[in-house]
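Owing to the predicted nature of the structure, the values given are computational and were not obtained by experimental measurement.
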Amino acid sequence: MTQDRSNNEGPPRPEPLEFTTLSELLDGAVERYGPQPAYGELGTTGWQWLSFSELGQRVAAYRAALSALGVGRDDRVAIISGNRLEWVLLAHASYQRRAVFVPLSTAQRESEWRYILADSRAKACFVAGPAVAARVDALREDLLDLHHIIDLDADSGDQNSLAAALQAGTELDIKARAPRPQDLATIIYTSGTTGEPKGVELSHANLAGNAHALARGRALGERPRSMSFLPWVHVFGGHVELNLMLAAGGAVAICNGADQLFAEMPRVKPTLLYAVPRIWTQIYHDLHRALGEEPEMSRHIFDDGIVLMRRQRQGATLKLTERIYLNMARKLVISKIMGRFGGELRLGFSGAAALPAEVGELLHTIGLPIYEGYGLTESSGSSTSNPLREPRFGSVGKPIGETRITLDREIPEAEGDEGEIIIHGPGVMAGYHNNDASTRAALTADGGLRTGDLGRFDADGYLYITGRIKELYKLSSGRYVAPGPLEEKLKLSPFIANCMIYGSGQPYNVALISADLPSLRAYLGADKASAETLLADPRTRRLFDEEILRCSREFRTFELVRKFWLTPEVFSRENGMLTPTLKLRRRDVLKRFEARLRSLY
């Protein structure tokens, strides 16, 4: 049995760009937004900006450079780099050669590089610096199709440099080759929990259709400005964000991670931000910490202002004295706190994991609405979004554009009105590259994408994600537990930096908790205490017992955490406990801590 919901968003934005391929998207943006800033990079003298007109000229030069390297139709152009301007230029130059762009990350292992470069049959690989170039060159005997390893940072005296390729391209007059909508635009390799990475084949029609639907459904305001820090190797940052900003004529400041994001916000003054829930939760905690530094009167003004804003948002008419008080709260307290994030942040988009409803509700109340969406790499990154002016906290919104979502309730893990989410529509991939078996397992007979996620619809057609089928485990009582929702709730505690819930085959759930040491030191008044001393303090155990209870009130008894193990270790990408999109690597965390978790039973 399936339950069906189709798109029911509001009216489209007036006169959006019309495009069916990513090349048409770039051409339209260059023509419409010419002198406006498109991309910015932080240099020694501050932020340097490239206009849309200059972007088009630079892409033409890169297109000629690719031609000089012999790159043509259906050839694969790989890149191993962090976010940088050359990434955008090479991607669009590849599209204009009707070639296929294959992004890789510098954080991946050489074995993954070898597999991806071989599986995609990459002809040219652009790399960030000589160290990466040497590592790729060491793999070359296994990469028979790889003709060029091009260093993005070497000077023109090195024949294997981007500068040399650009110089060679100046002697050529290479016109753009317009790709067809059905042409393959990119292969994005997803790192599964088992086996080799799977290459998701996405066409121009997939990605352009997704961007066009989002552009029609989202009003980003005049001259939108974002700070892009999500890794472009993944579809959310590399396509959902960048393609929509291109369609909207937005300026994108290129960041090297979250640290630079928060450091540079006051200078760039972004108007919108694409981020994963961990960043929104950090802003939520930073806001509370900043409020804690204010005088008691300011805290009271903030609290009263929040009450008035909630009443106003719910349709209540405020008295004159209440409007005056609310204006004072905004000017004296809220604007001061939001100034830490540039002071002009007015809009946010969240994806990749569930956004805690409390975070979305508070930020929306103070004037920063977060529109949560949902999608997979296999569905071009965005399949649903909360409608403008009608967000429903805790949901991922409604299908966008021509997307249609059904729920398969036949699976054994589904309870009540839940089912496996199946996505239908123009964003769904053609399949996995060179992997027919995985393609058959992922796609239904009518072309729907099995997501592996559990979800439900409410009466108004908003979709709620209730768990990940592969993450579900069964207690010894036979009850299924989805750990994700409670983990997100627990991370709302200022004392919990991260956590993982465990209980497969056990009588109850336990948790591994990464303690937020700065918050814990402040709470205990022990600024110089070691991590070991802090975690051994009896007050710490009582505090975490109280925090777990406070965050778990809406959950069922069998879902609750009975015991926990505290660790001072931070979950990070560097130690392998988080993915590049900041999701838990459960198997890797479990390998390291399973003995300690089992000792709790």
Side-chain angles (χ1 to χ4, degrees), residues 21-27 29-30 38-39 41 43 48 50-104 106 113 116-117 120-134 136-137 140 143 145-179 183-187 204 232-233 238 242 246 252 254:
T21 69
L22 297 180
S23 291
E24 289 179 358
L25 169 59
L26 176 67
D27 292 342
V30 169
Y39 286 95
E41 289 191 298
Q48 307 296 318
L50 188 77
S51 72
F52 281 91
S53 294
E54 292 167 329
L55 175 65
Q57 295 166 6
R58 294 280 294 274
V59 169
Y62 276 60
R63 181 179 71 228
L66 289 180
S67 179
L69 293 171
V71 172
R73 180 177 177 177
D74 293 331
D75 285 333
R76 274 53 166 162
V77 177
I79 186 170
I80 305 177
S81 168
N83 296 1
R84 55 190 294 168
L85 181 60
E86 290 86 355
W87 182 295
V88 177
L89 300 174
L90 283 167
H92 283 280
S94 299
Y95 307 148
Q96 293 185 359
R97 293 295 295 159
R98 293 184 71 176
V100 180
F101 195 60
V102 182
L104 297 88
T106 54
W113 291 351
I116 293 171
L117 293 171
S120 65
R121 300 184 65 180
K123 185 172 188 176
C125 181
F126 292 81
V127 299
V132 179
V136 176
D137 190 60
R140 203 159 191 168
L143 303 173
D145 297 289
L146 186 60
H147 294 179
H148 307 284
I149 301 172
I150 307 298
D151 189 342
L152 297 172
D153 297 324
D155 59 39
S156 58
D158 184 341
Q159 65 177 357
N160 293 318
S161 66
L162 172 61
L166 288 168
Q167 181 61 40
T170 60
E171 303 172 7
L172 304 173
D173 182 19
I174 304 300
K175 303 298 182 184
R177 294 179 177 177
D183 284 346
L184 189 59
T186 188
I187 305 175
H204 283 269
W232 292 350
V233 70
L242 297 191
L246 198 58
V252 177
I254 303 172

Main-chain N/O of [Y] paired to [X] side chain as donor or acceptor, under 3.5 Å:
{"X": "S161", "Y": "D155", "answer": "yes"}
{"X": "H92", "Y": "L26", "answer": "no"}
{"X": "N83", "Y": "W232", "answer": "yes"}
{"X": "R98", "Y": "Q96", "answer": "no"}
{"X": "R63", "Y": "I174", "answer": "yes"}
{"X": "K123", "Y": "G72", "answer": "no"}

Nearest heavy-atom pair of [X] and [Y]: which atoms, and what distance?
{"X": "L146", "Y": "H148", "result": "CD1-O, 3.4 Å"}
{"X": "A168", "Y": "A68", "result": "CB-CB, 3.9 Å"}
{"X": "L85", "Y": "E41", "result": "N-OE2, 3.2 Å"}
{"X": "A64", "Y": "G169", "result": "CB-O, 3.4 Å"}
{"X": "V100", "Y": "L184", "result": "CG2-O, 3.7 Å"}
{"X": "L55", "Y": "A38", "result": "CD2-CB, 4.3 Å"}

At what distance, to the nearest 0.5 angstrom, does [atom1] of [X] lie from [atom2] of [Y]?
{"X": "I254", "Y": "Q48", "atom1": "CD1", "atom2": "CD", "answer": "12.5 Å"}
{"X": "F101", "Y": "W87", "atom1": "CZ", "atom2": "CH2", "answer": "5.5 Å"}
{"X": "S120", "Y": "L104", "atom1": "OG", "atom2": "CG", "answer": "7.5 Å"}
{"X": "I79", "Y": "L90", "atom1": "CD1", "atom2": "CG", "answer": "5.0 Å"}
{"X": "S94", "Y": "L22", "atom1": "OG", "atom2": "CG", "answer": "11.5 Å"}
{"X": "T170", "Y": "Q167", "atom1": "OG1", "atom2": "CD", "answer": "4.0 Å"}

Quick one, [X] and [Y] - any side-chain contact, counting heavy atoms below 4.5 Å?
{"X": "F126", "Y": "L69", "value": "yes"}
{"X": "L89", "Y": "Y39", "value": "no"}
{"X": "D183", "Y": "Y95", "value": "no"}
{"X": "V30", "Y": "V59", "value": "no"}
{"X": "N160", "Y": "D151", "value": "no"}
{"X": "L66", "Y": "D75", "value": "no"}

- request: Indicate yes or no: does R84 engage D153 in a salt bridge with an N to O separation below 4.0 Å.
  value: yes
